[in-house]
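Accompanying notes for the structure given below.
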Number of protein chains: 2
Amino acid sequence: MATRKLNDGEAASTPVKRQAKAGVKAAGSKTPGRAKPLTRIQKEKQDIILEAALEVFSLHGFRGATIDQIAAQAGMSKPNLLYYFPKKEEIHRRLISELLDTWLAPLREFDETGDPFTEIRSYIRRKLEMARDMPRESRLFANEMLQGAPHVSEMIEVDLKQLVDEKAKVLLTWMDQGKISRADPYHLIFSIWATTQHYADFDVQVRAVLGPGRNGDGRFEDAARYLEHLFMHGLTLRPKT
Amino acid sequence: MATRKLNDGEAASTPVKRQAKAGVKAAGSKTPGRAKPLTRIQKEKQDIILEAALEVFSLHGFRGATIDQIAAQAGMSKPNLLYYFPKKEEIHRRLISELLDTWLAPLREFDETGDPFTEIRSYIRRKLEMARDMPRESRLFANEMLQGAPHVSEMIEVDLKQLVDEKAKVLLTWMDQGKISRADPYHLIFSIWATTQHYADFDVQVRAVLGPGRNGDGRFEDAARYLEHLFMHGLTLRPKT
DNA sequence: AGAAATTTTGACCAGTTGGAAAAATGTTAG
DNA sequence: CTAACATTTTTCCAACTGGTCAAAATTTCT
């Protein structure tokens with residue numbers, strides 16, 4: 001909750017056809033002072049829309065998704081949806097910035113004072129659970145990264161970098177203390193991200209390769225076992241060969 | 001080169017407005033007998049188009065890419081491009097099916113008779129080189145997987161599965177022979193895919209986190225070093241703790 | 001209840017996009 | 001050279017898409 005949401009600053013260059021007169025001010029307002037209480041209905045509808053949008057965006061990407069699809073998924077008409085979010089981009093922006101918070105939460109919990117192996121193991125487990133339980137969010141994120149993160153560049157260059165720097169330092173400390181084997185902490189983190197998110201983003205491939213047998217979530221348990229094996233061994237100190 | 005290209009079987013349901021009278025038969029023809037020699041110019045132009053399409057598709061995804069963009073990138077007019085590939089989908093199909101061949105080549109070379117550590121190490125290295133040298137292909141592939149592999153489902157369920165099954169068996173043999181530590185071979189392969197492709201697909205994120213310092217390909221060398229460390233340790237036999 | 005505000009709808013529109021038709025321009029074999 | 005064929009360009013279009021608008025329906029407030 002500490003990180004900035006970075007969804008103020010409208011593109012100050014848009015032609016400004018006519019300021020939406022009635023519609024709900026969907027996202028960050030220019031005047032942070034009063035923010036219009038946001039009625040119960042508005043909050044509800046916005047949540048419904050965001051849920052629908054998550055479904056559609058994660059399935060087709062930003063450009064692949066149409067407002068019509070999202071509206072249909074949300075069970076409302078297109079103009080009605082536009083009433084709550086005047087711009088398609090706005091829905092996406094909201095989704096992404098809310099997502100980033102949840103997405104990085106596990107890394108934030110990473111505790112310097114804990115036992116390195118326990119900390120890393122539970123970080124891996126949590127990330128894998130997220131891949132299992134929030135595949136749409138994972139794919140939304142992956143889509144954004146694939147396109148070059150046009151909507152979150154600032155956030156990943158500042159907040160994300162800062163967070164990772166911090167946690168990398170923790171890992172380095174542990175290495176210095178001889179608690180875990182020495183290796184590039186950044187790439188360690190990358191490899192945890194990559195391996196865990198793989199099970200959400202490349203789900204079709206994983207299912208296809210494992211065949212019909214190992215499907216019903218059994219693959220996640222196997223993956224958990226395997227990744228634990230992989231990373232724990234990779235972290236264990238050993239006499240030089 | 002052994003795998004089937006699976007690009008015959010037009011969607012037999014399309015309305016068939018009027019069979020393209022002149023245009024080049026872009027992909028697999030219904031009658032595999034005579035395949036029209038394909039003049040030098042045709043081959044050249046098709047290659048130019050495919051190269052341009054790779055650029056655009058990998059950058060914007062299938063729906064995000066427009067024929068106009070591809071045509072512009074290829075330095076020709078839209079109708080001219082459509083002369084060579086009557087359907088946008090056709091370009092994409094060709095790209096994907098050609099890609100799959102290259103993409104799986106390193107895994108095919110995996111040699112049962114070689115030294116396990118050497119084989120796996122060089123597999124990782126090759127995959128990482130591909131992420132470095134063919135990021136567009138990697139992203140095209142990732143995009144396809146993210147969308148649920150609508151165009152290659154058959155191929156990944158048959159050819160890919162078969163190949164991985166085969167190589168998993170090799171890994172199992174090595175484990176049985178006590179040459180490498182015992183672990184799920186499928187997830188081992190997945191984790192190699194995930195970690196290596198991560199550097200192409202999530203390039204922005206990697207760059208952002210590493211900051212401006214470690215950019216000019218240095219990150220790939222670091223990654224190679226780290227991944228070798230990770231996987232080699234994960235494979236090394238050790239007395240039970 | 002009745003006025004005011006909010007929410008929803010139906011009709012509509014302008015720009016984009018995939019693609020078709022046909023004419024125009026090469027290119028090549030006889 | 002010229003007929004047949006291959007390639008390219010010009011013009012056009014129908015469907016889709018993001019978005020607008022005024023009016024209607026509904027909810028909220030007094």
Side-chain angles (χ1 to χ4, degrees), chain A residues 10-11 14-27 36-49 52-53 56-57 60-94, chain B residues 10-11 14-26 34-49 52-53 56-57 59-94:
Chain A
E10 218 67 291
T14 34
V16 182
K17 291 219 164 191
R18 210 174 309 179
Q19 190 60 272
K21 43 182 170 229
V24 180
K25 206 47 145 309
K36 271 281 179 62
L38 227 331
T39 80
R40 176 186 45 82
I41 271 197
Q42 287 172 346
K43 188 101 194 95
E44 269 177 28
K45 287 293 170 80
Q46 285 193 6
D47 285 350
I48 291 176
I49 293 172
V56 179
F57 279 139
H60 305 290
F62 179 75
R63 279 219 49 187
T66 75
I67 297 188
D68 276 306
Q69 285 175 68
I70 299 175
Q73 180 80 24
M76 66 180 70
S77 68
K78 177 169 63 168
N80 195 188
L81 182 150
L82 261 339
Y83 170 75
Y84 291 102
F85 292 89
K87 298 274 173 193
K88 183 188 181 187
E89 240 195 326
E90 202 58 49
I91 313 177
H92 192 251
R93 208 199 314 267
R94 269 281 287 274
Chain B
E10 218 68 291
T14 34
V16 183
K17 294 220 161 188
R18 212 173 306 177
Q19 190 62 269
K21 44 181 171 231
V24 179
K25 209 43 149 307
R34 322 151 290 91
K36 270 281 181 63
L38 226 336
T39 80
R40 177 185 45 84
I41 268 196
Q42 287 172 345
K43 187 104 193 94
E44 269 176 28
K45 288 292 171 80
Q46 286 193 4
D47 285 350
I48 291 176
I49 293 172
V56 179
F57 279 139
L59 216 50
H60 305 291
F62 179 75
R63 280 220 48 187
T66 74
I67 298 186
D68 275 306
Q69 285 176 70
I70 300 174
Q73 180 80 22
M76 65 180 71
S77 69
K78 177 171 64 171
N80 195 188
L81 182 150
L82 284 174
Y83 170 75
Y84 292 102
F85 292 89
K87 298 271 173 195
K88 184 187 179 186
E89 239 195 327
E90 201 58 48
I91 313 176
H92 192 252
R93 209 198 314 265
R94 267 281 287 275

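When reading the values below, keep in mind they use all heavy atoms of this one structure, side chains included, and skip hydrogens, waters and symmetry mates. Residue numbers start from 1 in every chain, and the chains themselves are labelled A, B, ... in the order their sequence lines are given, proteins ahead of strands.
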Which pairs would a plain distance check flag for residues 67-79 of chain A, meaning a side-chain donor or acceptor within less than 3.5 Å of a matching protein atom at least two apart in sequence or in another chain?
residue, atom, partner, partner atom, Å
A:Gln69, OE1, A:His60, NE2, 3.4
A:Gln69, NE2, A:Thr66, OG1, 3.3
A:Ser77, OG, A:Asn80, N, 3.3

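- Within the 4.5 Å cutoff, no side-chain heavy atoms of A:Glu89 are placed close to those of A:His92.
- One can place CD of B:Glu89 at 12 Å from P of C:dG18, the figure rounded to the nearest angstrom.
- One atom, NZ of B:Lys43, and another, P of D:dA6, lie 18 Å apart when rounded to the nearest Å.
- One atom, CD of A:Glu44, and another, C1' of C:dT6, lie 15 Å apart when rounded to the nearest Å.
- Rounded to the nearest 0.5 angstrom, B:Glu44 CD and B:Asp47 CG are separated by 8.0 Å.
- For A:Tyr84, counting side-chain heavy atoms from C-beta on, the closest listed nucleotide (C:dT6, C:dT8, D:dT8) is C:dT8.
- Straight-line distance from the NZ atom of A:Lys88 to the C1' atom of C:dT16: 12 Å, rounded to whole Å.
- Checked against C:dG19, D:dT20, D:dT7, the side chain of A:Leu82 finds its nearest nucleotide in D:dT20.
- For the pair A:Lys87 NZ and D:dT20 C1', the interatomic distance rounds to 10 Å; values are reported in whole Å.
- Using a 4.0 Å cut-off, some side-chain N or O of A:Gln42 falls inside it from OP1 or OP2 of C:dT7.
- Out of C:dA21, C:dT8, D:dT8, the shortest distance to the side chain of B:Tyr83 is found at D:dT8.
- Rounding to whole angstrom units, NE2 of residue A:His92 and P of D:dG19 are separated by 14 Å.
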- [ ] Take B:Arg94 and B:Phe85 through the test side chain to side chain contact (heavy atoms under 4.5 Å, CB included) and record every step on the way to the result.
- [x] CA-CA 10 Å; B:Arg94 267 281 287 275; B:Phe85 292 89; 4.2 Å; yes

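- Applying the 4.0 Å criterion to OP1 and OP2 of D:dT9, one finds that B:Asn80 has a side-chain N or O inside that range.
- Judged by the 6.0 Å distance and 45° axis criteria, A:Lys88 is not positioned over the aromatic ring of A:Phe57.
- For the contact set between residues 60-78 of chain A and DNA chain D, defined by any heavy atom under 4.0 Å, the members are A:Ala65, A:Thr66, A:Ile67, A:Lys78.
- One interatomic measurement links the two molecules: CZ of A:Phe85 to C1' of D:dT20, which rounds to 19 Å at whole-angstrom precision.
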